[in-house]
**Student:** 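Mind looking over this structure? Questions follow.
The analysis underlying the following values was restricted to heavy atoms, covering all of them including side chains, and did not include hydrogens, waters or symmetry mates. Since this is a predicted model, take the numbers as computed values, not measurements.
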Protein chains: 2
Amino acid sequence: MPEAAARTRIQEKNISAILDAALEVFSGAGFRGATLDQIARAASLSKPNLLYYFKSKEAIHRALLSELLDTWLAPLRTLDSGGEPVDEIVRYVMRKLDMARELPRESRLFANEIVQGAPHIFDIIEGPLKALVDEKASLIRKWTAEGRIAEVDPYHLIFSIWATTQHYADFDAQVRGILRPERDRHFDDAARFLTHLYRTALTPD
Amino acid sequence: MPEAAARTRIQEKNISAILDAALEVFSGAGFRGATLDQIARAASLSKPNLLYYFKSKEAIHRALLSELLDTWLAPLRTLDSGGEPVDEIVRYVMRKLDMARELPRESRLFANEIVQGAPHIFDIIEGPLKALVDEKASLIRKWTAEGRIAEVDPYHLIFSIWATTQHYADFDAQVRGILRPERDRHFDDAARFLTHLYRTALTPD
DNA sequence: CGTGATCCTGACCAATTGGTCAAACTCTCC
DNA sequence: GGAGAGTTTGACCAATTGGTCAGGATCACG
C-alpha cells in the first residue's frame with residue numbers, strides 16, 4: 001500500500017473501495033472463505049491492481065480490522081461515571097443494538113474472526129481490549145459498592161450485553177428465519193425487551 | 001456412504017472417527033476453511049478413504065449438521081408447561097450454559113454456519129426450528145397471560161438466552177483473553193450472573 | 001481355504017487461489 | 001507537450017484443494 005502520508009486522489013478512492021469490498025466479502029465468508037477475486041470484483045478492480053494497493057490478502061484483512069476496531073469499541077468507551085448508572089448501562093445497550101442494526105457487516109467481521117479463535121487479533125483482545133473492559137468493570141463495581149446498581153459480576157454483564165446485541169447482526173439469518181419480519185421491525189422489539197431485561201436486573205432492590 | 005441400515009464394524013468405527021474429526025475441523029475453521037486433508041489427518045485416514053465413506057466434503061458437513069441438530073435443540077424441547085415458569089426458564093438457561101461448556105465444538109459449528117448466512121441449514125431454521133420456537137413462544141405467552149411471569153417478548157427472550165449462553169462457547173477466545181481464568185472457573189460466575197439476570201427480569205412484579 | 005464383498009491406497013487430474021512481473025497506459029506538473 | 005511518477009493489466013506461476021480411478025489388500029463367511 002502506498003504511503004498513508006500523502007495520498008493521491010486515485011489512491012484515496014481505490015483504497016476505500018477495496019476496504020469496503022473487503023468488508024463485504026470477509027464479513028460474509030470469513031478470512032479463508034473470502035477470495036481476492038471476489039474482493040476485486042466487488043471493488044471493480046483487477047486482482048493485480050488490488051495487490052498494487054495491498055501487498056497480500058492478509059494485509060487487506062489487517063488493515064480492515066485495525067480501521068474498524070475503534071469504531072466498534074467506541075460505545076463502551078463512552079460508558080461514563082456521570083449520570084444515573086442504570087440509565088447509563090441501558091443507554092450503552094441501546095447504542096450497541098443500534099450498531100448491530102447499522103453496522104452488521106462490521107459485527108460479522110469480528111464474529112467470524114473470534115469464532116475461529118481470533119488468530120489475527122488475539123493480542124489486541126488480551127491487551128487494549130482487556131484494559132478497556134477492566135477499566136469499565138471497576139466503574140461498574142464502584143456503582144455496585146455505592147448501592148446504585150444491583151450486585152452483578154461486571155465482566156459477565158458486559159459479555160451478556162455484547163452477546164444479546166451483536167446476536168441480531170451475527171445471527172441475522174437465524175433471527176430472520178424464525179421471525180420473518182418486515183424490514184428491521186424486530187429491532188424495536190429487541191430494544192424494548194433488552195431495556196426491560198437490563199433495567200429490572202440492574203435496579204437495586 | 002455405505003447404507004446406514006447394516007453397518008460393518010469397520011464402517012461403524014471409521015464413520016464415527018470421520019464425524020468426530022470433521023466436527024473438530026469444521027467447528028474451528030468453518031466449512032470453506034476446513035480441508036479434506038485436515039479432516040483425513042484428524043481421523044487418521046487417507047483422503048481417498050474419506051471419500052469412500054462420504055462422497056464429498058459437503059456430504060460430511062451435511063451428515064454432521066443433521067446428526068447434531070437434535071442434540072443441540074433438546075434443551076428447548078424439554079421446556080415444559082409443568083412446574084414454576086420462572087424456575088423452568090432458569091433451568092433452561094442453565095442447561096444451555098452446560099452445553100456451551102460441554103459441547104463447545106457443536107456450538108461453534110452452528111455459529112460458523114449461521115454467521116455466514118446459514119447456507120446449508122436455512123430450510124431447517126425456517127421449518128422445524130421455527131415451529132419449535134413458535135410452540136415454546138406461545139407457552140411463554142400463556143404464562144405471561146396468567147401473570148406467572150413478567151411481560152416479555154417470548155421470541156426475544158429465547159434469542160437472548162441463546163446469545164448469552166452460546167457466547168461462552170462461540171466467543172471463547174474473547175472471554176479467555178479478557179478473563180484469563182483458571183480452567184472453566186468463569187462458567188460458575190456466568191451461571192450466577194445469568195440466574196440473577198433472568199430471575200429478576202422474569203419474576204412478575 | 002477360497003471367493004466375493006468390503007476396504008484402502010498411490011497416482012493422477014482439473015479447478016481455484018494467492019501472488020508476480022514486465023510492459024503499457026495515464027495522470028501530474030513544469 | 002513531454003518527462004517521470006503513479007496506475008493498470010494480461011499472462012503467467014506454484015501451491016492447494018476437492019475429487020477420481022484402477023488395482024491391490026483385507027475381511028467375512030460358506
**Student:** Nearest whole Å is fine: how far is C:dG18 P from A:E58 CD?
**Tutor:**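 Those two atoms, CD and P, are 12 Å apart.
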**Student:** Given atom NZ of A:K47 and atom C1' of D:dT7, what is their separation to the nearest angstrom?
**Tutor:** 18 Å
**Student:** Closest nucleotide of DNA chain D for B:F31 versus for B:R9: which of these residues is on the 5' side?
**Tutor:** B:F31
**Student:** Expressed in angstrom and rounded to an integer, what is the separation of A:N49 atom CG from D:dT7 atom C1'?
**Tutor:** 7 Å
**Student:** Can you figure out which of C:dT16, C:dC8, D:dG18 approaches the side chain of B:R32 most closely?
**Tutor:** C:dT16
**Student:** So if I take every side-chain heavy atom of A:P48 and compare against C:dC21, C:dT17, D:dC21, which nucleotide ends up nearest?
**Tutor:**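 Ranking C:dC21, C:dT17, D:dC21 by closest atom to the A:P48 side chain puts C:dC21 first.
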**Student:** Identify whether any heavy atom of B:A59 sits under 4.0 Å from a base atom; if not, whether one sits that close to sugar-phosphate; answer base, sugar-phosphate or nothing.
**Tutor:**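 No contact.
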**Student:** Under 4.0 Å, counting only non-hydrogen atoms across every strand here, what does B:A40 touch: a base, just sugar-phosphate, or nothing?
**Tutor:**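 Answer is nothing: B:A40 stays at 4.0 Å or more from every strand.
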**Student:** Please report the distance, rounded to the nearest Å, between CD in B:Q11 and P in D:dT26.
**Tutor:** 18 Å
**Student:** Test B:S107 against B:Y168 for side-chain hydrogen bond (donor to acceptor under 3.5 Å, both in side chains), laying out the working first.
**Tutor:** CA-CA 9 Å; B:S107 187; B:Y168 292 97; over 6 Å; no
**Student:** Could you tell me whether A:R9 and A:E12 make a salt bridge, using a distance below 4.0 angstrom between a side-chain N and a carboxylate O?
**Tutor:**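 Here A:R9 does not pair with A:E12 in a salt bridge, since their nearest N and O are not under 4.0 Å apart.
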**Student:** Below the 4.0 Å mark, does D:dT8 have OP1 or OP2 next to a side-chain nitrogen or oxygen of A:S46?
**Tutor:** no
**Student:** For A:K13 and for B:K57, find the nucleotide of DNA chain D with the closest heavy atom, then tell me which residue's nucleotide is more 5'.
**Tutor:** A:K13
**Student:** Is the closest basic N to carboxylate O distance between A:K130 and A:D123 below 4.0 Å?
**Tutor:** no
**Student:** Provide, to the nearest angstrom, the distance between the CD atom belonging to A:E12 and the C1' atom belonging to C:dT28.
**Tutor:**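 To the nearest whole Å, that distance equals 17 Å.
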**Student:** Between B:L45 and A:Q38, just flag the one whose closest nucleotide in DNA chain C comes earlier from the 5' side.
**Tutor:**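 This one resolves to B:L45.
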**Student:** Would you say C:dT9 has OP1 or OP2 under 4.0 Å from some side-chain N or O of B:Y52?
**Tutor:** no
**Student:** Counting only side-chain nitrogens and oxygens, does A:N14 get under 4.0 Å of the OP1 or OP2 atom of D:dG6?
**Tutor:**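 Checking D:dG6 against A:N14, no side-chain N or O comes under 4.0 Å of OP1 or OP2.
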**Student:** Reckon B:L51 touches a base, only the sugar-phosphate, or nothing at all at heavy-atom distances under 4.0 Å?
**Tutor:**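 Base, at least one base heavy atom under 4.0 Å.
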**Student:** Please determine, by modelled atom types, if B:T78 and B:R95 share a side-chain donor-acceptor pair under 3.5 angstrom.
**Tutor:** yes
**Student:** Verify the distance criterion only: is there a donor paired with an acceptor across the side chains of A:D134 and A:Y155 at less than 3.5 Å?
**Tutor:**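 Yes, a side-chain donor-acceptor pair sits under 3.5 Å.
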**Student:** Figure out the CG/P separation between B:L50 and C:dT9, and round it to whole Å.
**Tutor:** 11 Å
**Student:** What is the separation between atom CD1 on B:I10 and atom C1' on D:dT26, rounded to the nearest whole Å?
**Tutor:**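 Roughly 8 Å, once rounded to whole Å.
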**Student:** Quick one: B:L36 CG to D:dG19 P, roughly how many Å, whole number?
**Tutor:** 6 Å
**Student:** Taking OP1 and OP2 of C:dC7, is either one under 4.0 Å from a side-chain nitrogen or oxygen of B:T8?
**Tutor:** yes
